[in-house]
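Please read the structure below before turning to the comments.
Whatever order the structure lists them in is the order used to number ligands and atoms, beginning at 1. Quick caveat, the model's predicted, so the values are computed rather than measured.
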Amino acid sequence: MGPREAHVDADYDVAIIGYGPVGQLLSLLLGERGHKTVVIERHENIYGMPRAAHFDDEIARILQAVGIRADSSAFIEPYDNWYEWRNAEGDTLLKVDWRGHGPSWWHTSNFFCQPELERALDARAGSQPAVTIRRGLSALDLSQDEHGVTISVAPAGESHRSAASETVTARYAIGCDGANSVVRERSRMPISDHGFFYDWLIVDMMPGEPMHFDPPAWQLCDPARPTTLVPGGPGRRRWEFMALPGENTEMLNSPETAWELLAPWGLTPENAAMERHTVYRFQARLAQKWRDGRALIAGDAAHLMPPFAGQGMCSGFRDANNLAWRLDLVLRGVTDDSVLDSYGPERGPHVQHFINFSMELGKVICVPDPAKARHRDLSMRASLVNPSPPPPAAPPRLGHGILRPHDSAAGLLSIQSRVKSRDDSGLFDDVAGRGWRILTTSGCRPRLDGRAADVLARLDMRILRLGEKADTDVDLIDLDGRYSGWFAQLGADTVIVRPDFYIYSVTDWNELPKTLAELDSQLPTPARPGSLNS
Ligand SMILES: Cc1cc2nc3c(=O)[nH]c(=O)nc-3n(C[C@H](O)[C@H](O)[C@H](O)COP(=O)(O)OP(=O)(O)OC[C@H]3O[C@@H](n4cnc5c(N)ncnc54)[C@H](O)[C@@H]3O)c2cc1C
């Protein structure tokens with residue numbers, strides 16, 4: 001498909017269907033790279049209902065890249081405490097450590113207000129000259145040929161394909177259209193369901209006076225009413241109440257019921273404002289296929305998980321970050337579009353990790369049966385007093401894709417820390433910029449030519465020498481010594497990091513030409529017009 005793309009008259013490079021947080025981030029990342037992007041969103045305004053409240057340090061690094069800083073945004077509250085799970089008697093069943101900073105430098109855990117974050121992303125995406133946002137339009141159908149995708153759209157509210165009033169064409173269509181994705185459905189991308197689902201009432205509150213809970217984020221695993229209490233960003237608190245057997249959505253989803261359930265927590269209409277409430281069905285689903293030719297999916301369109309680990313939107317942001325650099329390479333003609341094949345295989349296992357973790361947490365709290373809750377309490381309390389704690393869980397890793405095969409660290413997240421260059425200092429991405437990066441502590445001078453030099457130029461890769469003190473050979477001083485610790489842990493002097501912050505390979509400087517040749521072969525250049533495979 002590659003070479004012909006330059007001659008195709010599609011209206012846009014990319015059409016993004018759905019402008020929730022994932023569509024917003026993806027349109028911004030593509031717009032920043034100058035790709036002509038159209039967004040089709042049925043809602044006229046930002047969706048105001050309560051949903052995500054938590055993101056981790058990796059997501060804070062992604063937000064840093066688009067100018068949203070977790071430590072100084074009015075709608076984000078960095079968290080530095082435990083996330084505790086207690087039974088009805090107040091005994092601790094489980095403690096998740098959400099203290100301190102994570103590998104991406106930002107706080108491991110941050111609470112925020114989703115509509116405010118969406119507003120911030122929307123403002124940035126909307127100011128990109130290459131991005132056109134069309135609200136009030138529903139995508140009804142899509143079809144594709146070798147040149148591009150045609151999307152039939154109609155004013156929001158229409159759901160019949162015959163109601164289509166216009167078509168939009170693009171070289172690629174990305175379905176960021178949420179759980180009931182039209183793009184996924186029309187492109188026949190199957191989704192598997194873990195059969196884990198519960199209804200919960202979600203309530204976002206604005207207490208008149210700050211409320212103090214110790215810790216601020218915890219779960220009450222009381223079979224009489226499983227309840228979540230977490231911060232909701234500055235000035236807000238979030239409560240979530242599970243529907244009990246026999247309760248239906250209508251009963252639960254009323255302000256009266258919400259106030260009744262909030263009363264034991266000391267909240268009344270006199271001392272707090274109820275910002276919004278709604279009932280959601282938590283589910284666990286994962287698409288088996290993420291690409292069909294020129295159509296791909298991201299975010300909730302590709303996966304759903306219960307919110308107990310606070311990772312649904314986070315996973316969607318990782319999808320967008322993974323897809324953005326691939327699309328960029330394809331649209332600039334640097335690689336052929338086979339690079340899009342490995343997007344789903346990479347992301348699927350990573351998301352599965354968080355689906356599994358979220359379901360495990362869900363199995364702890366979604367227990368309305370008192371006998372089962374008693375049994376759970378006994379076994380969990382026994383494991384909590386066990387003096388030898390289990391080894392830390394392995395970090396999630398990308399599945400097979402644009403990663404060096406048989407490489408012990410390929411597919412793991414890289415770290416970010418503070419560095420100092422000749423004329424700047426700060427966080428690595430702020431000082432060194434974004435893109436493919438080769439970080440090395442090797443004292444050897446670069447001598448890369450031939451194929452290695454070609455790959456560097458083609459991918460716009462930068463080589464950055466890190467050291468602990470100023471030296472003529474050092475580009476960046478490792479201000480906190482974190483990079484030297486990281487290199488020691490990796491057992492190598494050179495790391496190739498992709499634009500989405502994941503490790504392509506750890507290697508030795510002397511092996512770099514060979515490693516770059518391997519990368520080169522994974523990213524084939526588009527065939528020339530007229531050649532057989534064009
Ligand atoms: C109660 C709750 C708590 C949560 N807590 C967390 C948390 O703490 N941390 C976390 O990371 N995640 C959390 N999540 C998950 C998170 O909210 C979602 O993963 C995230 O909002 C998904 O973003 P998205 O952009 O993929 O999809 P959505 O936000 O669903 O956006 C999809 C968009 O597509 C539009 N659309 C759909 N179909 C069409 C069409 N045919 N044409 C045009 N437009 C269309 C919709 O109008 C919508 O705007 C939570 C979810 C819930 C319900």
Side-chain angles (χ1 to χ4, degrees), residues 15-27 38-56 58-59 62 79 83 109-115 117-118 121-122 133-142 151-159 161 164 168 173-186 198-204 217 228 230-233 238-242 276-283 285 287 297-320 351 354-355 358:
I16 295 177
I17 325 300
Y19 197 52
V22 177
Q24 290 157 7
L25 177 66
L26 184 58
S27 60
V38 65
V39 180
I40 295 160
E41 166 57 49
R42 63 183 174 203
H43 288 141
E44 291 287 358
N45 296 304
I46 300 260
Y47 185 67
M49 284 297 146
R51 290 189 299 166
H54 167 272
F55 62 77
D56 63 27
E58 179 186 355
I59 303 312
I62 294 174
Y79 189 74
Y83 174 32
S109 194
N110 303 269
F111 284 92
F112 74 107
C113 171
Q114 181 168 348
L117 174 63
E118 293 197 24
L121 289 169
D122 173 42
I133 299 162
R134 299 194 59 190
R135 286 186 171 277
L137 274 188
S138 281
L140 301 183
D141 204 356
L142 81 165
I151 302 141
S152 318
V153 300
E158 297 291 352
S159 56
R161 291 188 218 186
V168 174
I174 316 296
C176 298
D177 47 348
N180 303 312
S181 169
V182 163
V183 177
R184 187 188 68 229
E185 191 202 301
R186 299 281 191 267
Y198 291 92
D199 292 337
W200 283 66
L201 168 68
I202 317 298
V203 193
D204 274 357
T228 302
V230 289
R238 156 78 55 89
W239 269 264
E240 303 181 356
F241 303 102
M242 190 176 116
R276 47 201 170 199
H277 66 87
T278 193
V279 172
Y280 285 104
R281 172 157 293 190
F282 298 163
Q283 301 181 70
R285 300 201 282 163
I297 50 174
D300 276 17
H303 43 77
L304 291 174
M305 66 188 77
F308 306 111
Q311 282 291 337
M313 182 196 75
C314 295
S315 298
F317 276 10
R318 293 185 190 104
D319 300 342
V351 178
F354 287 109
I355 292 177
S358 307

- Message: Using a 4.0 Å heavy-atom cut-off, which part of V182 comes near ligand 1: side chain, backbone, both, or neither?
- Response: side chain
- Item | Closest contact, heavy atoms only, R42 versus A156 | O-CB, 3.2 Å
- Item | For the student: nearest non-hydrogen atoms of R135 and H43, plus distance | NH1-O, 2.9 Å
- Message: In this structure, does ligand 1 have an atom that sits under 4.0 Å from one of the heavy atoms of G316?
- Response: no
- At a 4.0 Å cut-off, with the gap strictly under it, does some heavy atom of F55 reach an atom of ligand 1? no
- Report yes if some N/O of I202 lies less than 3.5 Å from some N/O of ligand 1; otherwise report no. no
- Item | Minimal non-hydrogen separation, P21 against F317, with atom names | O-CE1, 3.4 Å
- Task: Measure the shortest side-chain to side-chain distance between Y83 and S109 over non-hydrogen atoms and say whether it is less than 4.5 angstrom.
- Result: no
- Message: For atom 5 (N) of ligand 1, what's the nearest protein heavy-atom neighbour? Residue, atom name and distance, please.
- Response: A52 CA, 3.2 Å
- Query: Can you tell which part of Q114 has a heavy atom less than 4.0 Å from ligand 1: side chain, backbone, both or neither?
  - Reply: side chain
- Side chain, backbone, both or neither: D177 near ligand 1, heavy atoms under 4.0 Å: both
- For atom 30 (O) of ligand 1, the option (of E185, Q283, R51, R135) bearing the nearest heavy atom: R51
- Exactly one candidate in H54, R318, H303 meets side-chain hydrogen bond (donor to acceptor under 3.5 Å, both in side chains) with Q311; the answer is R318
- Item | Closest protein heavy atom to atom 9 (N) of ligand 1, given as residue, atom name and distance to 0.1 Å | H54 O, 2.8 Å
- Which protein non-hydrogen atom lies closest to atom 31 (O) of ligand 1, naming both residue and atom, and how far is it? G20 CA, 3.5 Å
- Locate the shortest heavy-atom distance separating A301 from D177; write the atom from each residue and the value. CB-OD1, 3.7 Å
- Item | N180, portion touching ligand 1 at heavy-atom distance under 4.0 Å | neither
- Message: By the salt bridge (charged side-chain N to carboxylate O under 4.0 Å, His left out) test, which pairs, at least two apart or in different chains, include something from residues 302-311?
- Response: none
- Query: Looking at ligand 1, does any of its N/O atoms fall within less than 3.5 Å of an N/O of D300?
  - Reply: yes
- Hey, can you tell me if F282 and W200 have their rings parallel, tilted or perpendicular (30° and 60° cut-offs)? parallel
- Is ligand 1 under 4.0 Å from a heavy atom in the side chain of P307, in the backbone, in both, or in neither? side chain
- Report yes or no: does V153 have a heavy atom closer than 4.0 Å to ligand 1? no
- Message: Residue-level breakdown please: for A179 versus ligand 1, do any non-hydrogen atoms fall below 4.0 Å on the side chain, on the backbone, on both, or on neither?
- Response: neither
- Query: Which of the listed options, R42, M305, E41, holds the heavy atom that is closest to atom 39 (C) of ligand 1?
  - Reply: R42
- Main-chain N/O of G233 paired with R238 side-chain donor or acceptor, under 3.5 Å: no
